[in-house]
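Beneath this line is the structure, given in structure tokens, with notes to follow.
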2 protein chains.
Amino acid sequence: MQNTPVTLKNLAEKLKMSISTVSKALNNYPTINEFTKKRVQDLARELHFTPNKSAINLKQGKSKIIGIILPNLLDHFFTRSVYGLEQFASTLGYNVIISQSHDSLEKEIQSANMLLQTRVDGLIVAISKHTQDFSHFNEFEKMGTPVVYYTRNPSFNLNCHKVLCNTFQGAYQATKFLIERGHQHIAYLGGPKMISFTHDRFNGYIHSLKDHGIPFSAELVAYTDFDKESTITAIKSLFSSEEKIPTALVAFKEPILFDAMKYLRSINHPNFQNLECIGFGNTSFISYFNSPPVASIEENPESVGENAMKLLLQLLNRNIEISDYQKILVDCRLVVH
Amino acid sequence: MQNTPVTLKNLAEKLKMSISTVSKALNNYPTINEFTKKRVQDLARELHFTPNKSAINLKQGKSKIIGIILPNLLDHFFTRSVYGLEQFASTLGYNVIISQSHDSLEKEIQSANMLLQTRVDGLIVAISKHTQDFSHFNEFEKMGTPVVYYTRNPSFNLNCHKVLCNTFQGAYQATKFLIERGHQHIAYLGGPKMISFTHDRFNGYIHSLKDHGIPFSAELVAYTDFDKESTITAIKSLFSSEEKIPTALVAFKEPILFDAMKYLRSINHPNFQNLECIGFGNTSFISYFNSPPVASIEENPESVGENAMKLLLQLLNRNIEISDYQKILVDCRLVVH
DNA sequence: AACTATATTTCAAACGTTTGAAATAATAGC
DNA sequence: GCTATTATTTCAAACGTTTGAAATATAGTT
């Protein structure tokens with residue numbers, strides 16, 4: 001009843017020629033007669049011949065697959081980055097396997113092993129929040145499989161390839177923008193301290209204040225771990241000060257900003273209506289808000305993804321030596337609403 | 001410099017035993033001596049032996065991979081469904097390859113071919129908006145690879161397996177809820193007519209009206225194609241009537257609802273503040289809205305995904321005959337805000 | 001017709017596994 | 001010490017490709 005897939009052997013038998021002729025005809029070898037090619041290709045099409053990727057991979061020792069490990073597909077940054085990754089890979093005949101770590105180290109290791117077994121030709125990783133140890137990626141390097149870290153990366157480690165948002169610049173610009181709109185008390189609501197770029201963002205904020213002669217105040221800085229409770233705790237602390245009530249806010253991520261706004265609205269905070277905010281992310285939902293956010297920091301995730309893939313493919317083609325570690329920064333863009 | 005991966009042969013040589021012993025030891029064959037097993041497994045661990053999946057697939061004629069084709073990962077419904085799909089697959093040792101069609105038939109065909117070459121053991125599909133012809137999935141069935149459609153499906157075709165949201169019930173409940181809150185003029189903003197379940201939703205709305213003695217009025221129904229312009233056109237037509245201005249609205253999808261709200265707010269429509277709305281989706285952003293939406297229709301995408309995978313795995317294990325076509329409905333839940 | 005040059009096809013090994021059948025080793029029974 | 005069992009290991013073929021080397025066919029020269 002159910003057919004087994006058509007193989008080169010089947011075609012060869014039907015055409016009364018050898019398997020290698022069939023193979024070469026399908027791969028358009030110049031030594032094969034044009035008429036033979038046509039005969040083979042016609043029959044292949046007619047019988048829906050579909051080459052067995054496993055066999056090809058095995059023979060060729062490469063899979064034409066790029067593995068992607070990322071924390072989460074619910075986060076629009078990553079989903080959008082996938083678009084850039086895939087786009088660029090497919091133009092060069094590579095496919096992509098995406099594996100979510102759900103910000104768990106254990107799951108990340110599992111994913112790495114799975115991709116190792118699949119013999120991916122390269123790996124692109126945004127590490128989980130908890131990853132401090134990178135030994136599960138060493139095997140790839142040992143086998144000569146290039147690894148590119150993107151966005152979330154081992155910040156202390158220079159000996160790796162990375163493609164990052166220029167998050168310093170993003171925070172700097174956002175802060176500058178708010179200063180230029182006349183704000184003096186600009187609060188900063190940061191993200192989890194384990195994430196590599198948390199500090200870059202904070203530095204952008206600090207440097208911008210400094211460059212524009214606004215004094216820094218520790219009371220205007222708080223951190224959240226992304227969950228609602230910790231965001232509310234943070235926002236409470238920012239708005240609890242006696243004299244320095246923030247009139248503007250730079251937030252680590254738009255969803256955090258939403259939670260913060262929601263809370264301030266719910267307690268009817270007097271400053272709520274005039275507060276001006278900017279968050280990282282530029283999610284499409286921002287445009288539905290009627291009040292606070294005045295701008296978004298667009299992190300260009302598609303471009304980050306594309307750059308990561310571009311770098312990886314250069315490593316694969318040995319256009320760049322694998323030991324010549326690259327660091328690429330993709331600029332952010334301030335989007336005013 | 002760069003090592004080639006360790007193979008069974010390498011292990012066998014180092015241990016001075018045959019490849020088959022090594023293979024069987026690693027696969028825990030009962031005929032292999034316990035001490036031998038230990039020696040093999042220890043060395044395998046030490047040398048980081050990683051079995052080559054391509055070789056295994058080739059030999060066994062199965063890949064332990066399930067292919068997923070879906071329109072888009074930017075849509076939270078699909079992203080959440082992936083969670084259910086993966087979750088369930090991984091407990092049974094299956095991996096998943098996700099391919100986005102971006103609602104293009106051409107890309108969908110490409111994805112199908114790629115997955116065919118990968119020799120996936122099964123396929124789960126949410127078809128693109130434009131897919132009317134399903135011949136690109138026939139090859140799977142021919143090779144005995146089961147295909148399960150989920151959410152978006154060939155509605156006219158009974159001879160396939162499908163797992164769907166009970167979208168009729170969702171629309172019915174939402175409408176009922178609004179009626180019970182005293183509304184008489186409940187508008188319905190539908191989605192693209194090519195999507196299979198557009199009509200089911202509309203029917204839920206209609207039946208609910210009928211069952212509760214509310215007369216149906218064609219002026220209270222409009223359709224959008226998801227893009228902003230067509231949503232605005234639709235909403236204009238709904239609110240243009242002389243006598244029957246809607247006091248409540250059921251929308252095909254929350255993002256559409258957001259666009260609609262934004263428009264009404266921007267023109268300062270007199271009914272805007274009192275309008276009560278319900279959309280399909282229950283995106284997390286809904287909770288940040290301060291005005292209209294009073295409830296969401298939670299479609300339980302994780303459960304839809306899980307059910308699709310569960311069905312597929314039963315087909316794979318021949319617990320269900322492939323020709324015994326199944327249709328599974330997953331209920332929606334009204335979430336009141 | 002014999003030889004060369006060229007075009008085309010085929011051979012055969014290899015990639016890394018799995019697995020039933022066959023071979024060998026170890027143990028027990030006498 | 002020999003045979004019968006049983007435990008353990010090895011042989012060898014197979015999965016579906018690719019590919020350089022070898023073989024064969026075809027055409028061109030003389």
Side-chain angles (χ1 to χ4, degrees), chain A residues 3-41 43-44 47-65 93 116-121 143-145, chain B residues 3-41 43-44 47-65 93 116-121 143-145:
Chain A
N3 311 342
T4 53
V6 179
T7 66
L8 291 183
K9 199 173 163 195
N10 299 151
L11 296 179
E13 279 164 5
K14 286 230 163 68
L15 292 161
K16 293 190 198 313
M17 42 175 93
S18 75
I19 295 176
S20 35
T21 308
V22 176
S23 169
K24 287 174 177 170
L26 289 172
N27 289 304
N28 209 26
Y29 267 54
T31 68
I32 300 293
N33 181 287
E34 287 303 320
F35 179 64
T36 310
K37 282 185 191 170
K38 184 161 170 19
R39 286 215 303 145
V40 172
Q41 285 162 4
L43 187 68
L47 300 184
H48 295 109
F49 169 74
T50 311
N52 184 320
K53 262 196 160 206
S54 294
I56 298 176
N57 296 348
L58 179 60
K59 190 74 230 307
Q60 309 217 320
K62 57 185 166 188
S63 58
K64 282 284 187 174
I65 296 178
L116 217 42
Q117 293 186 10
T118 309
R119 297 289 190 271
V120 292
D121 291 342
M143 292 172 29
T145 305
Chain B
N3 313 344
T4 53
V6 179
T7 65
L8 290 183
K9 199 174 162 193
N10 300 151
L11 296 179
E13 278 163 6
K14 286 230 163 67
L15 292 163
K16 296 191 197 311
M17 43 175 90
S18 75
I19 296 177
S20 35
T21 307
V22 175
S23 169
K24 286 174 179 170
L26 289 171
N27 288 303
N28 208 25
Y29 267 54
T31 68
I32 300 293
N33 181 288
E34 287 304 320
F35 179 65
T36 309
K37 282 185 191 171
K38 183 158 169 22
R39 286 213 305 144
V40 173
Q41 284 161 4
L43 187 70
L47 300 184
H48 295 108
F49 169 74
T50 310
N52 184 320
K53 260 195 163 210
S54 295
I56 298 176
N57 295 349
L58 179 58
K59 189 76 229 307
Q60 310 218 316
K62 57 185 165 186
S63 58
K64 282 281 186 178
I65 295 178
L116 217 42
Q117 293 187 11
T118 309
R119 299 286 191 273
V120 292
D121 291 343
M143 292 172 29
T145 304

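First the proteins, then the strands, lettered A, B, ... as listed; each starts at 1. These numbers were taken from a predicted model, which means no experiment stands behind them.
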Within the structure provided, determine whether [X] and [Y] are in side-chain contact (heavy-atom separation under 4.5 Å).
X	Y	result
A:Met143	B:Thr4	no
A:Met17	A:Thr36	yes
B:Lys62	B:Asn57	no
A:Lys9	A:Val22	no
A:Tyr29	A:Thr31	yes
A:Val6	A:Thr50	no

Who passes salt bridge (charged side-chain N to carboxylate O under 4.0 Å, His left out) against B:Lys24, sequence neighbours left out?
none

So which one's nearest nucleotide on DNA chain C is more toward 5', B:Ser54 or B:Tyr29?
B:Ser54

Bend angle of the helix from C:dA1-D:dT30 to C:dC30-D:dG1, end axes from five pairs each (to 10°)
60°

In residues 16-27 of chain B, what residues come within less than 4.0 Å of DNA chain C, judged by heavy atoms?
B:Ile19, B:Ser20, B:Ser23, B:Lys24, B:Asn27

For A:Phe35, which contact category applies under a 4.0 Å heavy-atom criterion: base, sugar-phosphate, or nothing?
nothing

Checking all strands, does B:Pro5 fall into the base, sugar-phosphate, or nothing category for heavy-atom contacts under 4.0 angstrom?
nothing

DNA chain D: 5'-most and 3'-most nucleotides touching chain A, 4.0 angstrom heavy-atom criterion
D:dG16 to D:dA21

Can you sort out which residues in residues 56-64 of chain B have a heavy atom within less than 4.0 Å of DNA chain D? Ascending by number, please.
B:Leu58, B:Lys59

To the nearest 0.5 Å, tell me how far [X] [atom1] sits from [Y] [atom2].
X	Y	atom1	atom2	answer
A:Leu47	A:Lys14	CG	NZ	5.5 Å
B:Asn10	B:Ile19	CG	CD1	9.0 Å
A:Phe49	A:Leu43	CZ	CG	10.5 Å
A:Thr21	A:Leu26	OG1	CG	10.5 Å
A:Ile65	B:Lys53	CD1	NZ	9.5 Å
B:Ser54	A:Leu58	OG	CG	6.5 Å

Counting only heavy atoms not in A:Lys37, do more than 12 sit closer than 6.0 Å to its NZ atom?
yes

Listing time: all N or O pairs from protein to nucleotides 4-8 of chain C that are below 3.5 Å?
| residue | atom | partner | partner atom | Å |
| --- | --- | --- | --- | --- |
| C:dT8 | OP1 | A:Asn33 | ND2 | 3.1 |

Among B:Ser23, B:Ser18, B:Pro51, the one residue meeting side-chain contact (heavy atoms from CB on, under 4.5 Å) with B:Leu8:
B:Ser23

